[in-house]
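Have a look at the structure below, then the notes.
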Amino acid sequence: MSKNGLVLADVRDGELRHVTLECLAAASQVMEDGVVTVAVLGSNAKDLVEKLSHYGADRVVTVTNPKLDQYTTDAYLQAFLQVIEKTDPDVIFTGHTAVGRDVSPRIAARLQLGLVSDCTAVDRVDGKIVFTRPIYAGKAFVKKAVREGEVFATLRPNNIAALEADTSRSAVVEELDVTIADDSLRTLIKELVRKTADGVDLSEARIVVAGGRGVKSAEGFQPLYELAEVLGAAVGASRGACDAEYCDYALQIGQTGKVVTPDLYIACGISGAIQHLAGMSNSKVIVAINKDPEASIFSVADYGIVGDLFEVVPMLTAELKEVLVEN
Amino acid sequence: MKILVIMKQTFDTEERIVVEDGQISEDGVEFIINPYDEYAVEEAIRLREAHGGEVTVITVGPERAEQALRTALAMGADKGMIVDDEELDAPDEYTIAKVLAAVVADLDYDIILGGYMAVDDGSAQVGPRLAELLSIPHISTITKLTVDGDKVEVEKDVEGDVEYLEAKLPVLVTAQQGLNDPRYASLKGIMQAKKKPLQRLDLDDLDLDEDELEAKTETLEVFLPPEKEAGKILQGEQKEQVKELVHLLRNEAKVI
């Protein structure tokens with residue numbers, strides 16, 4: 001049986017987000033012998049074709065309407081609906097990102113589809129596509145499937161490995177013109193202020209350095225930023241640090257914040273409240289640095305250092321600089 | 001202003017999760033208003049305080065969910081509505097959005113608020129789905145809201161960046177952390193809440209047939225993550241611990 005897969009690409013600042021390549025891998029994995037198509041929107045869509053074909057796309061549909069250069073719900077909704085109509089997919093994947101989270105439920109509602117969001121694994125079991133997704137911020141998991149209609153899912157960044165790049169592959173490219181009327185755009189973007197321009201995005205970061213109340217002040221985050229820079233890591237925080245106004249809520253990790261699953265999580269001055277553990281305890285490797293040997297963060301940490309973060313973190317930064325430069 | 005808030009009752013975030021007979025056990029669990037919905041309730045009350053009007057809080061859930069509505073009424077909402085029907089035994093986001101759309105279709109509204117996700121299922125779907133069913137725009141993950149005449153100005157969190165947007169009413173917005181600090185219900189508020197109208201509805205009241213509400217997705221299995229074993233607390237001189245940590249991260253864990 002032939003199955004057609006469609007990946008809705010997520011492009012930020014003209015660059016493909018890695019989760020799009022992860023979606024391609026997931027689509028390739030659940031397809032039997034069908035074609036995997038990627039839809040890319042925006043003026044530079046064509047520049048991304050080669051990379052997409054190397055990572056598993058059989059066909060790339062580009063939509064180069066200037067109204068798609070910046071994400072708005074209505075413009076993307078119309079464009080994606082037209083792509084779906086043209087490609088008639090059995091399976092649709094996109095990232096569980098600001099864009100995917102915003103537009104996918106609207107697409108699903110319009111087409112009366114089930115949507116399994118924020119999936120961390122995809123399998124094929126007895127011909128059925130089965131998704132694993134966290135509930136209660138990772139305190140538990142469910143396996144879910146779509147009962148009826150096309151299979152539609154958003155995939156959490158950083159959980160499904162992308163395919164190895166194969167530079168010998170090339171994809172069929174099709175351009176699709178979509179009409180987006182001015183009066184169909186009901187929200188108007190006045191301004192976008194980049195706060196994360198120099199940093200690494202928390203949800204896609206392979207390494208996260210996070211601070212808690214033990215950081216003591218906004219300035220106290222500085223050594224964490226220095227460590228993060230050496231590691232190419234994103235900086236996060238516990239709710240305690242956000243509530244104490246040491247940092248912005250955008251950095252908060254936990255049950256009422258972001259849920260992260262990086263390869264390495266370095267918790268600095270974080271005691272480990274259950275709500276915080278829910279947001280990070282599924283990280284692959286956890287390092288805890290805390291003065292209090294009784295802190296519950298040590299119960300989930302793979303490696304712990306009992307000590308003052310203001311001594312340990314700069315030492316760690318210096319050591320890493322030395323070791324990483326050697327290699 | 002006619003203000004609607006869609007909300008959900010969830011487990012208290014401090015609860016540990018226990019799986020029993022393949023399901024999440026509710027034994028002895030404390031329930032709260034989903035924290036993101038609580039921001040929506042607070043913002044709705046502030047809008048009414050600034051512009052006048054009425055705040056109606058709406059939920060779909062079992063009988064116990066009435067308690068979350070009472071809490072919202074005690075905070076200052078004016079009216080509550082709960083859809084509780086035993087035919088809604090395994091709803092998914094498709095189902096819940098359809099039910100809410102049927103409730104809202106019979107109401108006047110200028111703005112609808114809700115949390116951007118619920119801390120239990122974390123799917124972040126119901127708000128945008130409802131907006132689509134009502135054919136109105138939505139703006140998700142907002143951290144600031146101003147209503148000026150028939151226009152809203154909004155600050156939206158985009159994975160750490162901030163977007164400033166405008167839209168015309170009616171609009172649906174979903175709350176992100178940072179929008180406000182929800183108030184506690186005062187004793188006076190709690191007393192007053194007991195007298196506020198709370199309407200109970202079932203599918204017949206909404207002219208909805210259970211067949212058209214059948215969930216599009218199904219849960220096959222519920223399980224807990226593997227228990228994390230406490231790892232290695234490093235010993236010795238601090239400097240040596242740091243060296244050992246870097247060595248372990250590179251050679252044992254292989255993550256850097």
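Only heavy atoms go into these numbers, but all of them, side chains included; no hydrogens, no water, no symmetry mates. Just so it is clear, the model here is predicted, and its values are computed rather than measured.
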Would you indicate whether the side-chain heavy atoms of [Y] and [X] approach each other to under 4.5 Å?
X	Y	value
Val246(B)	Glu322(A)	no
Ile135(A)	Ile17(B)	no
Arg106(A)	His138(B)	yes
Lys139(A)	Arg16(B)	no
Arg101(A)	Thr141(B)	yes

Starting from the C-alpha separation in whole Å, work towards a yes-or-no answer on side chain to side chain contact (heavy atoms under 4.5 Å, CB included) for Val306(A) and Ile233(B).
CA-CA 7 Å; Val306(A) 177; Ile233(B) 302 285; 4.0 Å; yes
Pick from [options] with the largest number of heavy-atom pairs that fall under 4.5 Å of chain B:
options	answer
Thr97(A), Leu251(A), Leu231(A), Val99(A)	Thr97(A)
Tyr136(A), Phe131(A), Phe298(A)	Tyr136(A)
Ala318(A), Ala250(A), Cys242(A), Ala140(A)	Ala140(A)
Ala288(A), Gly114(A), Ser104(A), Ala273(A)	Gly114(A)
Gln255(A), Lys258(A), Gln112(A), Glu148(A)	Gln255(A)
Gln252(A), His96(A), Gln275(A)	Gln275(A)

Checking [X] against chain B: side chain, backbone, both or neither under 4.5 Å from a heavy atom?
X	result
Val287(A)	side chain
Arg239(A)	side chain
Val151(A)	neither
Arg133(A)	side chain
Ala108(A)	both
Pro134(A)	backbone

Can you tell whether the side chains of Asp161(B) and Arg12(A) come within less than 4.0 Å, N to carboxylate O?
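Salt bridge: yes.
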Euclidean distance, [Y] [atom2] relative to [X] [atom1], rounded to 0.5 Å:
X	Y	atom1	atom2	result
Thr256(A)	Gln176(B)	OG1	CD	9.5 Å
Leu113(A)	Tyr94(B)	CG	OH	9.5 Å
Glu218(B)	Arg147(A)	CD	CZ	5.5 Å
Arg186(A)	Leu165(B)	CZ	CG	13.5 Å
Leu249(B)	Ile207(A)	CG	CD1	8.5 Å
Asp102(A)	Thr174(B)	CG	OG1	7.5 Å

Evaluation steps, side chain to side chain contact (heavy atoms under 4.5 Å, CB included), between Glu132(B) and Leu77(A):
CA-CA 10 Å; Glu132(B) 180 61 28; Leu77(A) 176 64; 3.5 Å; yes
So if I apply the side-chain contact (heavy atoms from CB on, under 4.5 Å) rule between Val242(B) and each of Val313(A), Leu316(A), Ile289(A), which one comes out positive?
Leu316(A)
Between [X] and chain A, with a heavy-atom cut-off of 4.5 Å, which part of the residue counts as in contact: side chain, backbone, both or neither?
X	value
Phe223(B)	both
Ala97(B)	neither
His247(B)	neither
Ala101(B)	neither
Thr13(B)	both
Ala215(B)	both
Glu214(B)	side chain
Ile136(B)	backbone
Leu248(B)	both
Pro225(B)	both

Polar contact flag, side-chain donor to acceptor under 3.5 angstrom, Tyr303(A)-Glu252(B):
yes
Do Ser117(A) and Gln125(B) meet the criterion of a side-chain donor-acceptor pair at a distance under 3.5 Å?
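A pair is found: one side chain offers a donor N or O, the other an acceptor, under 3.5 Å apart.
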Contact leader toward chain A among [options], where contacts are heavy-atom pairs under 4.5 Å:
options	answer
Gly127(B), Gly231(B), Pro137(B)	Pro137(B)
Leu133(B), Asp120(B), Val171(B)	Asp120(B)
Lys98(B), Glu15(B), Lys156(B)	Glu15(B)
Glu244(B), Arg129(B), Glu93(B)	Arg129(B)
Ala124(B), Ala131(B), Ala167(B)	Ala131(B)
Gln238(B), Lys232(B), Gln241(B), Gln177(B)	Gln177(B)

Contact list for residues 277-295 of chain A, test side-chain hydrogen bond (donor to acceptor under 3.5 Å, both in side chains), sequence neighbours left out
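Those involving residues 277-295 of chain A are Asp263(A)-Lys284(A).
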Checking side chain to side chain contact (heavy atoms under 4.5 Å, CB included) for the pair Ile256(B)/Arg206(A): CA distance, chi angles, key distance, verdict?
CA-CA 10 Å; Ile256(B) 56 171; Arg206(A) 297 267 159 195; over 6 Å; no
Is the count of non-hydrogen atoms from other residues, nucleotides or ligands lying under 6.0 Å from Asn251(B) atom CG greater than 12?
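Buried by this count: over 12 neighbours within 6.0 Å.
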Quick check: does any side chain N or O of Glu159(B) sit under 3.5 Å from a backbone N or O of Ala98(A), one acting as donor and the other as acceptor?
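Here the side-chain-to-backbone pair exists.
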